[in-house]
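This report refers to the structure that appears directly beneath it.
For clarity, every value in this text was computed on a predicted model and none was experimentally measured. Start at 1 and go down the list; that is how both ligands and their atoms are numbered. As a basis for the values below, the full set of heavy atoms in this structure was taken, side chains included, without hydrogen atoms, waters or symmetry mates.
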Amino acid sequence: MDHFLYRDGALYAEDVPVADIAAQVGTPFYLYSTATLTRHFKLFDEALAWGPHMVCYAMKAASNQAILKTLAACGAGMDVVSGGEYARAIAAGVPGDRIVFSGVGKTEEEMRAALSGGIRQFNLESEPEMERLNRVALDMGVVAPVTVRVNPDVDAKTHAKIATGKSENKFGIPISRAREVYARVAKLPGLRAVGIDVHIGSQLTDLEPYRLAFRKVGELTDVLRADGHDIQRLDLGGGLGIPYTRGNEAPPLPMDYGNLIREELGDKGCEIEIEPGRLVAGNAGIMVSKVVYVKSGEGRDFLILDGAMNDLIRPAMYDAHHDIIPVIEPAPGFEYQPYDIVGPVCESGDTFAKQRMMPPLAEGDLVAFRSAGAYGAVMSSEYNSRPLIPEVLVHEDQFAVIRPRPSFDEMINRDTLPSWL
Ligand SMILES: *Cc1c(COP(=O)(O)O)cnc(C)c1O
């Protein structure tokens, strides 16, 4: 459920008409709902209320300071995957002991920053990383709390670009080698193993792969404890999918996921950590864009929008579907017609949808891409010298620009000229 609904024929974000925001901010822009963000976070928090837990929002999904502060105020920890994300989390006021650091390529600078600013744990993904973190921690005179990300070799049954839990993926260490690796960690004085980490992929629409993975993590917990390791936390990653097509899909609910965790791991006496990103932010955001032209081609009509692949790359990158709806509800009795919906960028890949059945639309009409809150703004670029589009946050009947649109001058002036030009 989200808070982007029609009222008297106009699309609202909470209590604000989307068209009013468009008139003030200009198009295209991203628009987030505070009520939806907090609702989704709380669903996870409640799903794990049966035991000690921490929900660490995977901020790579949407990392605007206002979004982080909104979630942190609900009690969210953060899952970060870069020094930049760590700095953003700290800037949003998240205490270091609520930040977990994931990612396969942490650099020494990133390790140092997190160890000096405070960190709940590093989720380690390889043996060279382990040796490096040990050296850095010893050099700084501290002990780094760590988990090892194990790759359980289960098929998450999701898009190949976002599946991470098969043995051929670059993530984690094979679960079959976990005992050896934890034995090595125990010998490194700069590291202290506090738990186990797993994350099998994103946009999972079936709980079964989770069950298989969590069962393996449960067995590993027993084995590692028998080996003498003090396993206190289980970080189970993120990945729960969201419905991108209204009325068609019913991915599992956070409560079912929480119950599954309890069934498989509830008896381990561990603190459960999860790292949801997409399900928190995805349906909490839309991208609003305007029809620039309606162009009739041979046998097909194109809706050419002012938003493009640089603003929302998911359709081009993951063949992703986004529902696209008119901001002014069409009059009753209209007939759907097929459009190819495209942006102005000079690539055929700049196509949001082919032969999409839409109500009739005309130049100047506004449309909203639903479910664009996660992996939308954060993946945008200035390709074709299109400045990054603004982000706006709604809270009940108020809205605020939370990242302004740069002017052309601001965009150009980030370039610097060498002395010889
Ligand atoms: C991407 C990622 C997540 C979040 O995945 P979602 O599908 O957005 O929930 C969590 N943990 C790790 C390690 C990730 O890489």
Among Gly239, Gly237, Ala61, Gly241, closest by any non-hydrogen atom to atom 5 (O) of ligand 1: Gly239
Polar contact flag for Pro276 and ligand 1 (N/O pairs, less than 3.5 Å): no
Distance filter under 4.0 Å to Asp79 heavy atoms, resulting ligand 1 atoms: 10 (C), 11 (N), 12 (C)
Does some non-hydrogen atom of Ala374 fall short of 4.0 Å from ligand 1? no
Hits for side chain to side chain contact (heavy atoms under 4.5 Å, CB included) against Ala62, two or more places apart or cross-chain, chain-then-number order -> Tyr57, Ile67, Ala281
Taking a cutoff of less than 4.0 Å between a non-hydrogen atom of the residue and any ligand atom, is Phe171 in contact with ligand 1? no
the protein heavy atom lying closest to atom 2 (C) of ligand 1 turns out to be Lys60 NZ, 2.2 Å
Grab the two heavy atoms, one from Ala368 and one from Leu11, that are nearest each other, plus how far apart they are. CB-CD2, 3.8 Å
Thr147 side-chain N/O to Ile196 backbone N/O, donor-acceptor pair under 3.5 Å: no
Applying a 4.0 Å heavy-atom criterion (strictly less than), which segment of Arg278 is in contact with ligand 1: side chain, backbone, both, or neither? both
Any heavy atom of Leu279 closer to ligand 1 than 4.0 angstrom? no
For Tyr12, does the six-membered ring have the charged nitrogen or CZ of Arg7 within the cation-pi criterion, i.e. under 6.0 angstrom from the centroid and within 45° of the normal? yes
So the atoms of ligand 1 within less than 4.0 Å of a heavy atom of Ala58 turn out to be 3 (C), 4 (C), 10 (C)
Which pair of non-hydrogen atoms, one from Thr27 and one from Ala22, has the smallest distance, and what is that distance? CG2-CB, 4.1 Å
Does only the side chain of Thr164 get under 4.0 Å from ligand 1, or the backbone, or both, or neither? Count heavy atoms. neither
Should Arg300 and Asp340 count as an ion pair when the cut-off is N to O under 4.0 Å? yes
Where is the nearest protein heavy atom to atom 7 (O) of ligand 1: which residue, which atom, and how far? Ser202 OG, 2.3 Å
Paired with Leu138, the side-chain contact (heavy atoms from CB on, under 4.5 Å) test is passed by just one of Val142, Val136, Asn134, namely Asn134
So which heavy atom in the protein is nearest atom 8 (O) of ligand 1, and how far is it from that ligand atom? Tyr375 OH, 2.5 Å
Taking all atoms of both residues into account, what is the closest heavy-atom pair of Met130 and Val185, and its distance? SD-CG2, 3.7 Å
Of Arg149, Glu275, Gln203, the one whose closest heavy atom lies nearest atom 11 (N) of ligand 1 is Glu275
Which class fits the ring pair His159 and Tyr318: parallel under 30°, tilted 30 to 60°, perpendicular over 60°? perpendicular
